Protein chains: 2
Amino acid sequence: MAQAGAAVTLSDVAREAGVSVATASRALNGSERTVRPDLAERVAAAAKLLDYSANAQAQAMAKGATTVVGLIVHDIADPYFSAIASGVSRAADDAGLLVMLSATLGRPEQEVRYLRALRAQRGRAAIIVGSRRTERDRALDAEIAAFEQAGGRVVAISQARLPVDTLVIENRAGATALARELTALGYSRFGVLAGPADLITAQDRHRGFTQGVVAAGHPAPTAVHGDFTRDGGYRAMTELLDSAGELDCVFAVNDVMAMGAIAACRDRGIRLPDDLALAGFDDIATLRDISPSLTTVRLPLTELGEQAMSLVAEAPAGSPRRRRVKGSVVVRDSTPPRHSQR
Amino acid sequence: MAQAGAAVTLSDVAREAGVSVATASRALNGSERTVRPDLAERVAAAAKLLDYSANAQAQAMAKGATTVVGLIVHDIADPYFSAIASGVSRAADDAGLLVMLSATLGRPEQEVRYLRALRAQRGRAAIIVGSRRTERDRALDAEIAAFEQAGGRVVAISQARLPVDTLVIENRAGATALARELTALGYSRFGVLAGPADLITAQDRHRGFTQGVVAAGHPAPTAVHGDFTRDGGYRAMTELLDSAGELDCVFAVNDVMAMGAIAACRDRGIRLPDDLALAGFDDIATLRDISPSLTTVRLPLTELGEQAMSLVAEAPAGSPRRRRVKGSVVVRDSTPPRHSQR
DNA sequence: CCTAACTGGGTAAGCGCTTTCCCTCAGTGT
DNA sequence: ACACTGAGGGAAAGCGCTTACCCAGTTAGG
């Protein structure tokens with residue numbers, strides 16, 4: 001065995017097999033050219049003997065193409081993102097690609113940093129997941145351009161704010177549909193845990209919901225903003241409970257916030273769904289089983305990840321493609337039909 | 001602008017700045033040697049002008065070291081793993097490293113495949129997370145050796161089965177402690193959702209729990225095996241409910257299975273915790289807030305990820321290091337004190 | 001039989017960096 | 001003045017692959 005750090009190289013294998021490196025390369029890593037069977041066999045044997053593993057960096061350099069795909073999410077511990085990541089991972093696996101994970105923790109400048117790092121890696125593509133902010137991010141636009149200039153593909157999951165192929169989630173329509181269901185169930189005084197004011201996903205869901213409620217002839221919901229997290233939901237719910245008047249149903253703009261809302265209710269002694277109904281958005285797995293099970297708008301998260309990967313595989317179109325993704329309302333126990341107590 | 005695919009190279013920058021590539025390299029990417037300030041500035045300006053980004057592959061090849069760390073988990077959508085991944089990600093970020101994610105979906109041969117891919121990438125390290133199986137995996141041992149031979153570090157999180165630095169989770173002790181608490185609360189007839197029979201983590205937790213129960217003078221729990229997943233928990237719980245006699249408390253060997261158990265109870269009309277108490281293991285975030293909140297054994301998942309990264313950074317010891325990680329029992333509402341109804 | 005067309009091995013030129021090594025030039029000490 | 005040193009620029013040798021390109025040996029067609 002060679003000493004540590006001295007990896008086996010192709011020329012080691014070639015020498016062992018008694019052929020040139022060209023032949024070894026052709027035999028092991030495939031090419032147009034065929035290699036005489038007996039030689040191919042000898043090379044394979046040598047490679048196996050030495051436990052050779054081709055240096056992917058060198059290969060990438062020589063052929064000018066890597067097998068790395070970057071995945072940029074806000075927070076991998078958040079079930080929303082981890083479900084998407086799971087889909088990406090599976091699809092990448094099928095395509096023989098490797099996934100480079102980065103979590104921005106909500107800091108937009110990190111997106112730029114990671115994309116830059118990915119460009120340095122000459123990544124084949126980048127998948128950017130997560131809501132855009134209202135304010136346009138010039139630095140990100142520039143880095144995206146540079147990344148594509150270098151031959152990489154970029155795909156986004158969220159809003160059509162970036163000049164790249166995008167899986168656009170129909171937040172607004174989904175929230176409106178939810179509002180419609182909820183009003184049909186008999187609810188009329190709504191509260192909204194609205195998420196961060198500058199996060200487009202949060203805005204869209206909030207607006208869509210409001211629109212649906214108003215369309216049904218009810219007053220616009222009382223909204224409280226807060227982080228797009230469990231703690232944000234907790235705080236927003238607490239504030240809503242303190243400030244708002246009588247409410248019969250609360251809509252958390254995502255399930256993770258609903259999670260926090262549930263905790264806040266528990267701490268306040270408010271029983272769900274008897275004292276108050278609650279609905280979320282996303283349909284993250286863990287909230288399907290709790291009791292009361294959460295009414296929400298289901299998004300096909302894992303498939304979203306897979307679809308993003310398939311967009312990566314397709315040839316780039318002249319202009320950015322937009323693929324709309326619908327959510328479907330799932331009514332569960334947290335919003336039972338309300339028999340108006342008049 | 002150059003045409004697509006033609007990335008800017010160091011020699012482009014050097015030409016633009018009117019210096020040699022050597023100087024450009026020294027100015028941009030640092031080295032022992034210093035560069036005269038005015039030249040350095042000119043190079044920096046040229047780099048900025050051309051939006052140069054060093055080819056990491058080429059750098060890696062030239063200096064023989066990459067900045068990639070591999071993370072191998074069973075399933076990134078599982079909150080247990082995503083929490084750990086979150087810690088790894090954060091720590092990698094601080095260390096200026098990139099994380100390559102792979103999900104084995106429980107197939108041991110995938111671990112080997114990924115580790116091999118990581119070796120091809122000349123990854124600096126690999127972090128393998130997740131329970132080992134009883135059967136020894138020679139292929140994995142061999143690939144680990146090869147990986148280290150090539151200069152990479154390997155760290156595991158789970159059991160001390162692999163010949164590498166490991167964060168060993170005290171599953172057994174944790175489960176015993178949990179049993180002790182539970183018996184102290186007055187429970188005596190236990191069931192266990194035991195996970196896969198050949199998964200060591202599951203075994204250890206099951207055994208530890210049994211030991212604790214028996215030590216308290218109660219009969220050994222009835223066990224039902226099942227996948228280490230939500231669905232596995234659901235099925236195991238259903239089976240347990242059908243087959244076992246009167247039970248007052250069920251221990252799911254991980255929280256995700258407990259999730260399924262909760263669903264099974266709901267579908268059977270069994271109220272938690274009134275009709276039955278339930279406890280889990282891991283303390284995944286989403287289960288802290290539901291009601292009844294789940295009694296479990298808390299594991300510092302995120303920190304586990306961070307610690308693994310710090311082990312990666314440390315110089316390798318002569319023989320594998322083992323760092324024991326304790327869980328702490330957290331009693332919540334799913335196991336209220338039981339006032340024995342005799 | 002002779003030559004054209006293949007087949008398939010080897011040589012060597014990169015891919016984009018880092019890093020020796022060499023060399024010039026300015027600043028020192030005497 | 002003069003050898004001596006250190007600072008710092010540049011040429012060039014790799015790092016480990018792939019892939020033209022060249023060329024010898026076969027086979028096939030006439």
Side-chain angles (χ1 to χ4, degrees), chain A residues 2 5-44 46-47 50-67 117 119-124 150-151, chain B residues 2 5-43 46-47 50-67 117 119-124 149-151:
Chain A
V8 179
T9 75
L10 185 59
S11 65
D12 294 334
V13 175
R15 189 173 332 111
E16 175 74 27
V19 299
S20 71
V21 288
T23 302
S25 169
R26 295 197 264 252
L28 290 177
N29 306 320
S31 82
E32 306 287 271
R33 298 276 305 265
T34 58
V35 170
R36 218 193 317 138
D38 58 323
L39 286 192
E41 212 161 292
R42 244 163 58 204
V43 173
L50 300 175
D51 197 8
Y52 169 73
S53 163
N55 184 329
Q57 321 266 354
Q59 287 187 298
M61 243 179 89
K63 44 172 122 168
T66 61
T67 59
R119 170 152 68 105
Q121 294 291 329
R122 297 299 182 267
R124 181 178 296 194
Chain B
V8 178
T9 74
L10 186 58
S11 64
D12 293 333
V13 175
R15 189 174 332 110
E16 175 73 28
V19 299
S20 72
V21 288
T23 302
S25 167
R26 295 197 264 251
L28 289 176
N29 307 318
S31 83
E32 306 287 271
R33 298 275 304 264
T34 58
V35 170
R36 217 192 319 136
D38 58 323
L39 286 191
E41 211 161 291
R42 246 163 58 207
V43 173
L50 301 175
D51 198 7
Y52 168 73
S53 164
N55 184 328
Q57 320 266 355
Q59 288 187 292
M61 244 181 89
K63 43 173 120 167
T66 61
T67 58
R119 169 151 70 104
Q121 294 291 329
R122 298 300 183 265
R124 182 179 294 194
Q149 171 66 35

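Just so we're on the same page: letters track the sequence lines, and every chain starts at 1. In this text the structure is predicted, and so the values were computed from the model without any measurement.
- Residues A:V13 and A:E16 fail the side-chain proximity criterion, which asks for heavy atoms closer than 4.5 Å.
- The shortest distance between side-chain heavy atoms of B:V35 and B:V43 does not fall below 4.5 Å.
- Shown for residues 18-29 of chain A: residues whose heavy atoms fall under 4.0 angstrom of DNA chain D, namely A:A22, A:S25, A:R26, A:N29.
- Summarising the geometry, the separation between CZ on A:R15 and P on C:dT11 is reported as 14 Å, rounded to the nearest angstrom.
- If you measure from atom CG of B:N55 to atom P of D:dC15, you get 18 Å, rounded to the nearest angstrom.
- Atom CD of A:Q121 is separated from atom P of C:dC17 by 13 Å (rounded to the nearest Å).
- Considering every non-hydrogen atom in both A:V19 and A:L39, the closest pair reads CG1-CD2, 3.9 Å.
- Distance alone, capped at 3.5 Å, places no donor-acceptor pair between the B:T66 side chain and the B:A60 backbone.
- The CZ-P distance, from B:R36 to D:dG9, rounds to 5 Å in whole Å.
- Residues B:T34 and B:A58 both approach DNA chain D. Their nearest nucleotides, taken by heavy-atom distance, put B:T34 toward the 5′ side.
- The B:K63 side chain lies nearest to C:dT19 when the options are D:dG16, D:dC17, C:dT19.
- Protein atom CD of B:Q59 is 10 Å distant from nucleotide atom P of C:dT19, rounded to whole Å.
- Contact between A:L50 and A:V8 at its shortest, heavy atoms only, is O-CG2, 3.4 Å.
- Spacing between atom CG of B:L39 and atom C1' of D:dG9 amounts to 8 Å, rounded to whole angstrom units.
- Side chain of A:Q57 to main chain of B:Q121: a donor-acceptor pair is present (N/O by atom type, distance under 3.5 Å, no hydrogens or angles).
- If you measure from atom CD of B:E32 to atom P of D:dG9, you get 15 Å, rounded to the nearest angstrom.
- Listed here is the closest heavy atom pair of B:R119 and A:S53: NH1-CB, 3.4 Å.
- Residues A:P37 and B:Q57 each lie close to DNA chain C; by heavy-atom proximity, the contact nearer the 5' end of the strand is made by A:P37.
- As a whole-Å value, the separation of A:L10 CG from D:dT19 P is 13 Å.
- Nucleic acid contact class of B:R33 (heavy atoms, under 4.0 Å, all strands): base.
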